[in-house]
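First up is the structure itself, then whatever we jot down about it.
Below, chains carry the letters A, B, ... as their sequence lines are ordered, and counting in each starts from 1. Since we're looking at a predicted model, the values are computed, not measured.
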2 protein chains.
Amino acid sequence: MTQQISSLDTAALVKKMTAEIQKGRIGDHSRKLASEPELMARYDVTRYTLRQALSQLASMGYTYQAHGIGTFVRPRRHSHTITMQNKVNLAEELSRQAHRLETKKARQRTIPLQEAEFLPVGCELPIDTRLIEVKRFRTLDGVPYVLECSYYLNDVVGPIPKDALYGSLFDFLRSQTVIKPGFIDEVISADTLAANEADFFNLSRGAPVLVVRDDSYLNSGQLFAFSKLKYNCETTQLFMFKKLS
Amino acid sequence: MTQQISSLDTAALVKKMTAEIQKGRIGDHSRKLASEPELMARYDVTRYTLRQALSQLASMGYTYQAHGIGTFVRPRRHSHTITMQNKVNLAEELSRQAHRLETKKARQRTIPLQEAEFLPVGCELPIDTRLIEVKRFRTLDGVPYVLECSYYLNDVVGPIPKDALYGSLFDFLRSQTVIKPGFIDEVISADTLAANEADFFNLSRGAPVLVVRDDSYLNSGQLFAFSKLKYNCETTQLFMFKKLS
DNA sequence: AAGTGGTCTAGACCACCAT
DNA sequence: TGGTGGTCTAGACCACTTG
């Protein structure tokens with residue numbers, strides 16, 4: 001028996017409660033959780049930490065708090081929905097659900113700004129900016145999943161090693177001491193498939209796709225990457241939870 | 001001069017700061033806001049309230065807080081993006097930006113569950129459920145904006161007065177004392193336009209549209225409505241802000 | 001009235017960035 | 001080292017639901 005010497009922080013509590021929810025080890029028959037005072041005692045955290053955690057769980061769609069009634073575990077959704085408002089990697093969440101995300105093809109080259117297929121959604125770049133273009137085809141459990149085209153500012157990130165291309169680019173960037181990712185703007189739209197894109201998805205030309213464009217910024221506020229992701233919307237949807245008032 | 005007798009709560013502070021940001025009355029030349037201690041003094045709120053407000057402003061994409069650096073006003077986005085994570089009505093936000101949202105056509109009828117064009121995304125309903133179907137065509141500043149098909153559980157909401165159909169259905173429901181809206185699940189997807197839908201948007205058949213399906217629940221956790229909204233994705237995108245770590 | 005979650009206070013300490 | 005935002009404590013009071 002190892003003894004718990006320091007109490008849990010919010011992230012650890014979220015992780016713990018998430019695991020217990022997924023194992024069904026939390027909540028009674030009506031999916032009602034214990035009250036906040038009881039949970040505070042059980043996890044040995046203060047109300048602040050508990051409520052931070054419950055708020056994160058709610059935003060991920062795992063729980064719902066009803067004023068004057070209680071806290072409830074929510075029914076599970078289909079696994080192939082992407083929860084926006086997620087604090088963790090998509091890859092990380094998928095692997096936790098025992099899904100296998102693979103990069104089938106990846107290509108990298110350095111180009112001037114003019115040759116980019118699209119520009120950032122939310123800001124202007126100097127015309128002499130040099131970009132690293134990365135194109136990837138990724139599958140989920142062997143099924144065509146996402147078509148990705150990203151541009152990284154050459155001056156900020158530098159060349160990307162080949163193995164990072166096939167793993168998590170985000171983890172690679174975080175491991176670079178110079179790069180302190182701060183925030184991401186996402187713009188969601190729709191489009192139809194061109195012929196060559198349709199091949200990858202085994203869909204026909206003109207089929208609808210969900211388009212997610214994002215601009216990634218350093219903590220300092222400087223843009224360091226922007227990209228466009230195309231998802232097969234027949235197999236993938238985006239999920240969002242909104243609490244009212 | 002009226003004197004401020006009670007200090008601001010979070011919602012009031014958000015409103016005040018939002019207004020000041022939109023008028024450009026906040027932040028210096030580099031868009032940097034005053035530090036938290038200064039803001040606490042200026043608005044006469046505690047740190048808790050201030051940070052709740054700043055957190056809401058950030059989630060709406062108005063500001064960004066950089067650890068160890070400061071808080072910054074972010075450049076304004078195009079006005080025709082819908083900010084998810086909004087605490088307020090879409091109609092309310094649009095009118096604040098001086099946009100004019102109009103309902104061009106609205107139809108209401110009561111039907112059995114079987115005749116619904118689609119079902120809720122996240123839960124099952126008894127087969128004998130009776131629904132109120134509402135179809136609306138709405139324009140923004142005179143331009144085709146959204147095609148809406150909603151179903152309300154007849155037993156929960158009852159008939160909807162005609163003038164509510166042409167205004168905000170949400171405000172009508174909130175005014176009903178029985179209805180306590182609690183939360184909404186949204187699932188975002190893409191589709192292509194059918195011929196009759198294309199007419200409304202002045203687009204051609206097969207053009208891509210952004211599809212937002214939502215399930216609305218009472219505070220008690222019971223479903224009371226579900227709907228499908230189709231947006232012209234050439235003029236409307238969804239926006240989302242994600243802070244990292 | 002009792003129990004639930006929602007908001008707020010006042011203060012402490014920590015982590016990050018600049019100098 | 002001093003100033004910034006990020007996290008946490010311990011407690012108070014309020015608003016909502018149910019009996």
Check nucleotides 14-19 of chain D against the protein and report each pair of N or O atoms closer than 3.5 Å, with its distance, or say if there are none.
from: D:dA15; atom 1: N3; to: A:His67; atom 2: NE2; distance (Å): 2.8

CA sep, side-chain torsions, deciding dist, call: B:Phe224, B:Tyr217, ring-ring contact (aromatic ring centres under 6.0 Å, His included): CA-CA 6 Å; B:Phe224 74 93; B:Tyr217 295 85; 8.3 Å; no
5' precedence on DNA chain C between B:Gln52 and B:Arg47 (nearest-nucleotide basis): B:Gln52
Distance below 4.0 Å between B:Ser35 side-chain N/O and D:dT4 OP1 or OP2: yes
Covered region of DNA chain C, 5' end to 3' end, by chain B [heavy atoms, under 4.0 Å]: C:dC8 to C:dC17
Centre of [Y]'s six-membered ring, under 6.0 Å away, within 45 degrees of the axis: is that where NZ or CZ of [X] sits?
{"X": "A:Arg213", "Y": "A:Phe226", "value": "no"}
{"X": "A:Lys16", "Y": "A:Tyr43", "value": "no"}
{"X": "A:Arg74", "Y": "A:Tyr62", "value": "no"}

What side-chain donor-acceptor pairs closer than 3.5 Å can you find for residues 151-162 of chain B, not counting sequence neighbours?
from: B:Tyr151; atom 1: OH; to: B:Glu117; atom 2: N; distance (Å): 3.0
from: B:Tyr151; atom 1: OH; to: B:Glu133; atom 2: OE2; distance (Å): 2.8

Flag, side chain of B:Arg136 to backbone of B:Thr103, donor-acceptor distance under 3.5 Å: no
Sidechain-backbone polar pair: A:Gln85 side chain, A:Ser59 backbone, donor-acceptor under 3.5 Å: yes
Verdict with supporting geometry, B:Tyr64 and A:Phe183, ring-ring contact (aromatic ring centres under 6.0 Å, His included): CA-CA 8 Å; B:Tyr64 168 65; A:Phe183 58 96; 4.1 Å; yes
Closest-nucleotide ordering on DNA chain D, the 5'-leading residue of B:Pro37 and A:Ala11: B:Pro37
Along DNA chain D (nearest heavy atom to each residue), the more 5'-positioned of A:Thr10 and B:Glu38: B:Glu38
Separation of D:dG5 P from A:Phe183 CZ (nearest whole Å): 15 Å
